[in-house]
2 protein chains.
Amino acid sequence: MSNKNINIKDVAVAAGVSVTTVSHVLNEVSYARISPKTRDKVRTVAEELGYGPNRLAQALRTQRTGMLGLVSEDIATTPHAGRIILGADEAAKARGYNLIVINTSGSASLESRQADIAALLDRRVDGILYATMYHRNVELPANLGSVPSVLVDSVATGGNITAVIPDEEGGARAAVEALLAAGHRRIGFLNNTDDVPATRQRLSAFRATLNEAGLDGDAAPVESEPSEVQGGYEAARRMLSRKDRADMPTALFCYNDRMAMGAYRAAAELGLSIPDDLSIVGFDDQELIAANLYPALTTVALPHYEMGAWAAEHLIDAVEGKTDLSLMALHPTILGCPLVVRDSITAPRQ
Amino acid sequence: MSNKNINIKDVAVAAGVSVTTVSHVLNEVSYARISPKTRDKVRTVAEELGYGPNRLAQALRTQRTGMLGLVSEDIATTPHAGRIILGADEAAKARGYNLIVINTSGSASLESRQADIAALLDRRVDGILYATMYHRNVELPANLGSVPSVLVDSVATGGNITAVIPDEEGGARAAVEALLAAGHRRIGFLNNTDDVPATRQRLSAFRATLNEAGLDGDAAPVESEPSEVQGGYEAARRMLSRKDRADMPTALFCYNDRMAMGAYRAAAELGLSIPDDLSIVGFDDQELIAANLYPALTTVALPHYEMGAWAAEHLIDAVEGKTDLSLMALHPTILGCPLVVRDSITAPRQ
DNA sequence: GTTCTTGTTGCTCATCTGTCTCCCACGTCC
DNA sequence: GGACGTGGGAGACAGATGAGCAACAAGAAC
C-alpha cells in the first residue's frame, strides 16, 4: 500500500468508476449497492496502483485521526518508559492506531506540559495516554480533559480520570511470601525514603504478610534510605550489623533492584554469601541489574508493558464508543506484579 | 491555544473579517497588506477564543504535516532507544515538529518493517528516522526511499542514505589512552564475539593506540566472548589466570559495560581489588550499571541523545529544503564518544 | 398486448471537513 | 487613470457520505 501521490481519483479513473464508488468499495460501506464485478475491479486496480488513502484527508472528513498521543515523563531515564511505549504501540498498531510520543520531564512546569498536550490536541489525536515514570499522584494539565485520556502508572490528584497502576501490595506480598515459603522467619525490609504510594504500600504489605504468617510484622526490622544503590548499601549495612547475631535477618526484601544491588555489596563486605547466608528479593525487575547480578536476583516485575497495552486498548475502546471511561475512572485499574524467580533466595542456614 | 471545535471561520466571524484575512494575519503572510488595527483585532479574537489551527487541514493544504516518523528497533530492550527518542523529540519539538514513534523488532521480517513505513507514509510524515539499536549494517525497507530519511546508529547495506553513527574508534582510543595516561603498559581487551562493526573497530583502535604509544598492540592480550555479563566474567577469568604474573594485564578495556560488570566479579573472585590491582574501562555508559558498580565504572559514552538530535535536525533541514541529504549520504556522519570518568582507573601498583 | 406503476440494482453528484493562496475588487488620492 | 492601501472570493488539498438518478424487470390496469 501507500505509494505516495496516488489518490482515490487516480483509482477511480483507472477503474472507470466514480470516486464515490471507490470509497464505498474500499470502506465496505454497508448500504452501498455495488456489483461484485465492480468491487473486484476497484480492489484490483487499487492494489495494482499501490493506493492507500491519505490519512490526513480521511481524518479531516471523519473527525478521527487514528492517532493517540503518548506523553511520557522522563522517557530516557528508565527502561520502564520503553516498556510502556512498547505495550501501547503494539496494542495501538493492532487496531490501526499510531502513537505520537512526546517527552516531558517530571519536573517540567505545568505550562510546558500543557503546551505538549496542546500540540497533541492541535493534531487532533483521538485520545491521550499520560505516562509517569513512577506511580504517584500527579497534577494534570487542565486541557487533558478535552479528549479521552488514560493515566499510566499513577493516579491524578483530582481523581476521576481512568488510570492503571501496578499492584504494589500484591507484589510486595509475593516477594515476602517467597521468603517465607523458603523458610525464613527473620526478614528485614530495606525501604525507600520518598513519600510515594509505593513506599507506604510495600511497607504495609510487608508487615501484613508477616502478621498473617504468625510473625510480628510490626516488630520486623525496616531501614529506609534513598532508593539508589548507595542507599541500599547503607541500609543493608545498618541492618546486617546488629548486635545480636540471633536477631539478624536471614532474608532481605528490598524496595527496588537498585537497593538490592547495594545490599549485595554490603553482604559481600560482611562476608555473607548470597543466598546461603542471606536471601534477597528485589522489586522492579530491571533486567540490566536483576539478571546480571551474581547470583541473579529474584525480584518482582512491574507490569509496564501490560499497563501500556491496557491503557491503549481501553483508550481506543473509549474513542470508538465501546466503553465509557468515566465509569472506570472511579477506581484505578490494578495490574499484577508477578514474582520473577532467579537465584537469590534459598532456605536459611540450619 | 487549541480549544477544539473553534475554527478559522469562527475567528473570522468574531473579528468581523474574512477567513482569508485571519489566515493572512496569523500566518504573517508577507505580501498581505492588512492594517495594524485589523491585525490586532484578529490576534486578540483568536487568543480569546483559544484558536489553534487544525493541523490536519493545514497539512492537507500545505502538503506538510510537521510530523516525523521514528521507527525504532527494540525500543524496550535497551535504554539507548530512549535517549535517541529523547534527542530526536527535543530537536523536533524545538522546530514545531512531532514524532510518530513505531516500534519494530530487529528480527522482524522485511515485510513487517515495510508495513510500518507504509503506515507512516499514509500519514504523510515529512521524513523518517530509522533507528537501530546497535551500530551495524541494516537492510532497509524499499519504501523508505520515498521520503527524506536518516539512519540512526547504523549504515545501510546499499549505502547512499544519510546516517549518523558513533565514533567507535575514537571512543576506544579514548578508553585506552586513559589507561595509558594512568601509567598502564600491560592492557588487555575483552572483546565481543558478534560480527558487528564495533567489534572490529574497537579492536583495531585498541591495537593502534597501543602501537602509537610504543607498545606492541598486536601482541596485546584479547579475549572474546558474547557481550554479556557472563561473557565478560569468563573472558576476564581467562585473561587474569595467566601463568606468568609479570605477564598479567594491570588494566582491562571492556567491550561494553556489561562485560565490565562480569570482569568486576572475576576480579573479586581472584582477590584483585579495583582499581588498585586492576583498572577497568567500559564502553556504552549504561548508567544503571556504570554509575552503580563499586567502584563506579569509568567508561565511554555512546552519543545516543546527540545522534537522535542530529538526525532530527538534519532531517528537518532537508524537509525544509535547507540541506541536501544526498550530499551527506556519501559518508556517514560520525559523532564523538566521550570518556566518562568515574573511579575504576588508577595508576598500576609500584 | 400495451402502458403505467412500483421496486431493485448500480452507481454518481453535491456537499462537507478546515486551511491556504492566487487573484481580483473596491475605494481613495494624486 | 495609475498607484496604493485593504480586504474578500473561489478553488484546491483528498476523501467520506447520503440523497438521488438512471435503467431495467415484474406486476397491475386497461
Side-chain angles (χ1 to χ4, degrees), chain A residues 1-43 45-46 49-67 121-126, chain B residues 1-43 45-46 49-66 96 121-126:
Chain A
M1 61 215 85
S2 80
N3 191 324
K4 267 186 35 159
N5 312 327
I6 297 247
N7 60 28
I8 198 173
K9 189 179 289 181
D10 298 328
V11 177
V13 170
V17 297
S18 73
V19 166
T20 302
T21 301
V22 176
S23 176
H24 283 338
V25 171
L26 264 27
N27 292 319
E28 297 179 0
V29 172
S30 60
Y31 58 79
R33 296 173 316 233
I34 296 164
S35 70
K37 254 165 296 184
T38 308
R39 287 179 188 275
D40 272 6
K41 177 75 180 169
V42 168
R43 276 195 261 262
V45 170
L49 264 45
Y51 170 72
N54 181 326
R55 295 277 241 143
L56 293 173
Q58 211 170 40
L60 185 60
R61 183 62 228 262
T62 61
Q63 306 287 22
R64 193 146 289 176
T65 53
M67 297 207 293
L121 294 177
D122 285 344
R123 295 205 179 277
R124 299 299 189 272
V125 293
D126 294 335
Chain B
M1 61 215 85
S2 80
N3 192 324
K4 268 185 38 159
N5 313 328
I6 298 247
N7 60 30
I8 198 173
K9 189 179 289 181
D10 298 327
V11 177
V13 170
V17 297
S18 74
V19 167
T20 303
T21 301
V22 177
S23 177
H24 282 338
V25 171
L26 265 26
N27 293 318
E28 297 179 0
V29 172
S30 60
Y31 58 78
R33 297 169 321 226
I34 296 166
S35 71
K37 255 164 297 185
T38 307
R39 288 178 188 275
D40 273 4
K41 178 76 180 168
V42 168
R43 276 195 261 262
V45 170
L49 265 43
Y51 170 72
N54 182 326
R55 295 276 242 145
L56 293 174
Q58 212 170 39
L60 184 60
R61 182 61 234 262
T62 62
Q63 305 285 27
R64 193 147 289 175
T65 53
L121 295 177
D122 285 345
R123 295 205 181 277
R124 298 300 188 272
V125 293
D126 293 336

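Order of the sequence lines sets the chain letters (A, B, ...), proteins ahead of strands, with each chain counted from 1.
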Heavy-atom pair of closest approach, residues A:Arg43 and A:Leu26: CG-CD1, 4.2 Å
Nearest heavy atoms of A:Arg124 and B:Gly52, plus distance in Å: NH2-O, 4.4 Å
Residue list, side chain to side chain donor-acceptor pair (under 3.5 Å) with B:Asp126, at least two apart or on another chain: B:Thr65
Using side-chain contact (heavy atoms from CB on, under 4.5 Å) as the criterion, list what pairs up with [X], not counting sequence neighbours.
X	value
B:Thr38	B:Val17, B:Thr21, B:Ile34, B:Ser35, B:Val42
A:Arg123	A:Ile100, B:Arg55, B:Met67, B:Asn98
A:Val45	A:Val11, A:Ala14, A:Ala15, A:Lys41, A:Leu49

Any A:Ser35 side-chain nitrogen or oxygen under 4.0 Å from OP1 or OP2 of C:dT9: no
Protein-to-nucleotide contact annotation, 5' to 3' order, nucleotides 9-18 of chain D [B base; S sugar-phosphate only; - none; under 4.0 Å, heavy atom]: BBBBBBBBBB
Side-chain touch B:Ser23/B:Val29, heavy atoms, less than 4.5 angstrom: no
pair B:Leu60-A:Asn54: side-chain heavy atoms closer than 4.5 Å: yes
For atom CZ of A:Arg33 and atom P of D:dG20, their distance in whole Å: 13 Å
Whole-Å distance separating the NZ atom of B:Lys41 from the P atom of D:dG7: 13 Å
For nucleotides 27-30 of chain C, print each protein N/O atom paired with a nucleotide N/O atom at under 3.5 Å, atom names and distance only.
none

